[in-house]
Asks: 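First, the structure itself, so that you have it in front of you.
These numbers were taken from a predicted model, which means no experiment stands behind them. First the proteins, then the strands, lettered A, B, ... as listed; each starts at 1.
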Amino acid sequence: MTGHRSELLRELHARGFVHQCTDEAAFDEATATGAITGYIGFDCTAQSLHVGNLVSIMLLRTLQRFGHRPVALVGGGTTLVGDPSGKDELRKMQTRESLEANKAGIRASLARFLEFGAGKATMVDNADWLLELGYMDFLREYGRHFTINRMLTFDSVRLRLEREQPLTFLEFNYMLLQAYDFLELSRRLGVRLQMGGSDQWGNIVNGVELGRRVDNVQLFGLTTPLITTASGEKMGKSAGNAVWLNDAMLAPFDYWQFWRNTEDRDVGRFLKLYTELPLDEIARLEKLEGAELNEAKAILATEATALCHGRAAAEQARAQAQGVFGGGDRASLPVVELPAAELAEQVPLPDLFRLAGLAASNGEARRLIQGGGARLDDQTVADPQGTVARALLEQGVKLSAGKKRHVLARLAG
RNA sequence: GGAGGGGUGGCCGAGUGGUCAAUGGCAGCAGACUGUAAAUCUGCCGGCGUCAGCCUACGUUGGUUCAAAUCCAACCCCCUCCA
């Protein structure tokens with residue numbers, strides 16, 4: 001390990017959380033000798049956080065694990081503006097109502113990973129101070145500390161300008177607001193550290209500098225690397241959809257499956273970032289090769305799911321996967337109830353697959369069948385004009401679309 | 001306000017009177033190979049359908065035409081340059 005004195009910093013480095021850090025020596029000193037309060041901001045754009053936010057969440061969790069104090073900030077105020085970082089387009093502005101709903105969902109996501117309470121983790125909303133900010137006061141007190149010259153050099157702005165994409169004044173101000181958040185949090189809660197993805201570096205540094213200039217406090221910034229899969233995909237998408245943390249938006253089983261399908265080359269890295277298994281255990285697991293690596297993937301999936309949905313749900317998901325992929329255990333299949341009223345005596349196969357949720361339309365179901373991807377009780381059904389006797393559905397039949405999607409369909413009842 | 005360019009399927013992007021449900025790429029789905037991986041190869045990829053065909057689609061609304069994504073008019077939106 002590196003020569004850090006602080007246990008926290010050693011752990012973060014060992015697990016691959018650190019991309020850049022401001023004044024690392026002083027930060028090492030500060031975290032070695034006492035507890036520090038650190039925060040990360042989360043967008044308020046959806047009703048749940050997703051796997052793309054997970055590195056940040058794990059970072060907060062690690063902070064707490066090592067006796068420091070995590071603060072999660074939801075950007076109720078800044079979401080009204082929109083972060084320009086890395087984006088070419090103006091983000092949609094939200095209504096106040098949807099913001100409140102999103103906040104509640106985000107708190108639910110975080111509550112699984114962090115222990116909230118007095119002296120523990122806290123959640124704050126920057127709307128609490130940003131909304132009452134007076135424009136004139138803000139310009140006079142803080143605006144004078146930012147030069148346009150410097151702001152233009154930050155990647156988030158520079159890249160946007162280089163690509164000749166419009167950057168509105170609204171978005172341009174995002175940096176100032178985020179810098180001000182940091183200052184405000186240092187005053188309100190004694191926060192000394194801001195963390196975030198590497199794309200946040202400029203915003204974070206602005207905050208650090210503002211703290212020094214205005215309040216003469218030393219603040220720290222730490223960023224994580226941008227996590228992508230080995231094949232270069234952005235982390236946290238599955239079939240083009242976000243992998244949500246809230247179980248209302250993604251079932252624990254599907255969450256488990258997401259991790260189980262990790263690419264070989266990512267297993268070790270993800271075990272370090274997304275589980276809390278001891279590093280020597282991880283070292284053993286990532287050495288496995290070929291089919292044996294599947295064991296490591298199952299462990300990754302179970303550990304990651306346990307953190308997010310609890311140990312019981314994780315074990316259940318693992319057992320369910322064992323049933324679906326390992327044996328032919330019908331009991332573990334998700335059950336889909338078919339509306340009896342809509343079914344004739346002989347049910348056409350495309351209708352059956354559509355009603356079971358395995359195809360979006362009859363056409364899609366037909367193509368699935370024609371392509372040889374549809375199975376009924378593990379027998380391939382290749383005739384799109386085939387039917388199934390309704391009586392057979394009384395007991396339930398196993399329907400499969402491809403190798404990974406299986407359900408037990410039976411008449412509702 | 002003036003001049004010019006542009007708005008095409010989830011995204012990017014061809015097409016500029018019929019052969020266009022619309023080339024190509026990406027994404028997605030399925031098959032083969034495997035290890036519920038990656039890479040590769042193959043098929044599918046608007047909806048409905050007894051695959052004959054029908055319906056809805058190329059910013060919006062009208063029009064010309066036997067026939068329009070393609071021509072005309074008005075309108076809306078975006079971009080560039082000029083004021």
Asks: What string of B, S and - do you get for nucleotides 43-52 of chain B, 5' to 3', when a contact is any protein heavy atom under 4.0 Å?
Replies: -SS-SSBSB-

Asks: Does some side-chain heavy atom of A:Val71 sit less than 4.5 Å from a side-chain heavy atom of A:Leu60?
Replies: no

Asks: Which residues pass the salt bridge (charged side-chain N to carboxylate O under 4.0 Å, His left out) test with A:Arg212, not counting sequence neighbours?
Replies: none

Asks: Applying side-chain hydrogen bond (donor to acceptor under 3.5 Å, both in side chains), can you list everything that pairs with A:Glu286, at least two apart in sequence or on another chain?
Replies: none

Asks: Mind listing the residues from residues 249-256 of chain A sitting with a heavy atom below 4.0 Å of RNA chain B? Number order is fine.
Replies: A:Trp256

Asks: Among residues 282-296 of chain A, which ones have heavy-atom contacts with RNA chain B below 4.0 Å?
Replies: A:Gly290, A:Ala291, A:Asn294

Asks: So which one's nearest nucleotide on RNA chain B is more toward 5', A:Asn261 or A:Gly402?
Replies: A:Gly402

Asks: Sticking with atom C1', work out how far B:rA73 lies from B:rG18, rounded to a whole angstrom.
Replies: 23 Å

Asks: Using atom C1' of each nucleotide, how far apart are B:rG9 and B:rU56 to the nearest Å?
Replies: 12 Å

Asks: Which residues pass the side-chain hydrogen bond (donor to acceptor under 3.5 Å, both in side chains) test with A:Asp128, sequence neighbours left out?
Replies: none

Asks: What distance, rounded to whole Å, do you find between the two P atoms, one in B:rG24 and one in B:rA14?
Replies: 15 Å

Asks: Provide the distance between the two P atoms, one in B:rG10 and one in B:rC45, to the nearest whole Å.
Replies: 15 Å

Asks: Go through the structure and list residues passing salt bridge (charged side-chain N to carboxylate O under 4.0 Å, His left out) with A:Asp264, not counting sequence neighbours.
Replies: A:Lys297

Asks: Roughly how many Å is it from CZ in A:Phe258 to C1' in B:rA37, rounded to a whole number?
Replies: 13 Å

Asks: Under the rule for side-chain hydrogen bond (donor to acceptor under 3.5 Å, both in side chains), what residues qualify as partners of A:Ser361, not counting sequence neighbours?
Replies: none

Asks: Can you tell me how far P of B:rC29 sits from NZ of A:Lys403, to the nearest Å?
Replies: 13 Å

Asks: Do the side chains of A:Glu7 and A:Arg10 get close enough for a salt bridge, i.e. N-O under 4.0 angstrom?
Replies: no

Asks: Run the side-chain contact (heavy atoms from CB on, under 4.5 Å) test on A:Val124 and A:Leu185 for me, step by step, so that the C-alpha distance in whole Å, both residues' side-chain angles and the decisive distance to 0.1 Å come before the verdict.
Replies: CA-CA 9 Å; A:Val124 293; A:Leu185 283 172; 3.9 Å; yes

Asks: Across the strands shown, which category fits A:Ala374 at heavy-atom distances under 4.0 angstrom: base, sugar-phosphate, nothing?
Replies: nothing

Asks: In whole Å, what separates the C1' atom of B:rC41 from that of B:rU50?
Replies: 34 Å

Asks: Between B:rU19 and B:rA69, how far is it from one P atom to the other, in whole Å?
Replies: 9 Å

Asks: In dot-bracket, 5' to 3', how would RNA chain B read with Watson-Crick or G-U wobble pairs under 3.5 Å, [ ] for crossing ones and | for pairs to another strand?
Replies: ((((((((.[[[..)..(.....]]].(((((.......))))).(((....)))...[[[[[..)....]]]]]))))))).

Asks: Please determine, for the side chain of A:Arg405, which listed nucleotide (B:rU36, B:rG35, B:rC29) has the closest atom?
Replies: B:rC29

Asks: Using atom P of each nucleotide, how far apart are B:rU40 and B:rC26 to the nearest Å?
Replies: 10 Å

Asks: Tell me, please, whether A:Phe116 has A:Arg107 positioned over its six-membered ring: NZ or CZ under 6.0 Å from the ring centre and within 45 degrees of its axis?
Replies: yes

Asks: Output all residues satisfying salt bridge (charged side-chain N to carboxylate O under 4.0 Å, His left out) with A:Arg354, sequence neighbours left out; order by chain, then residue number.
Replies: A:Asp351

Asks: Would you mind reading off the distance between A:Phe325 atom CZ and B:rG35 atom C1', rounded to a whole angstrom?
Replies: 12 Å

Asks: Counting only side-chain heavy atoms from C-beta out, which of B:rU36, B:rA30, B:rG31 sits nearest to A:Arg260?
Replies: B:rU36

Asks: Around A:Gln395, counting heavy atoms of other residues, nucleotides and ligands shown, do more than 12 lie under 6.0 Å from its CD?
Replies: yes

Asks: So, does A:Lys404 get its side chain near the phosphate of B:rA37, meaning an N or O under 4.0 Å from OP1 or OP2?
Replies: yes

Asks: Looking at A:Arg367 and A:Glu364, is there a salt bridge between them, counting it only when a charged N and a carboxylate O are closer than 4.0 Å?
Replies: no

Asks: Which whole number of Å gives the distance between the C1' atom of B:rA52 and that of B:rA57?
Replies: 22 Å

Asks: Can you list everything that forms a salt bridge (charged side-chain N to carboxylate O under 4.0 Å, His left out) with A:Arg269? Sequence neighbours excluded, please.
Replies: A:Asp266

Asks: With salt bridge (Lys or Arg N to Asp or Glu O under 4.0 Å) as the criterion, how do A:Glu303 and A:Arg311 come out once you've worked through the C-alpha distance, each side chain's angles and the decisive distance to 0.1 Å?
Replies: CA-CA 8 Å; A:Glu303 292 304 310; A:Arg311 182 62 60 180; 3.1 Å; yes

Asks: According to side-chain contact (heavy atoms from CB on, under 4.5 Å), who are the partners of A:Val335, at least two apart in sequence or on a separate chain?
Replies: A:Glu337, A:Leu408, A:Arg410

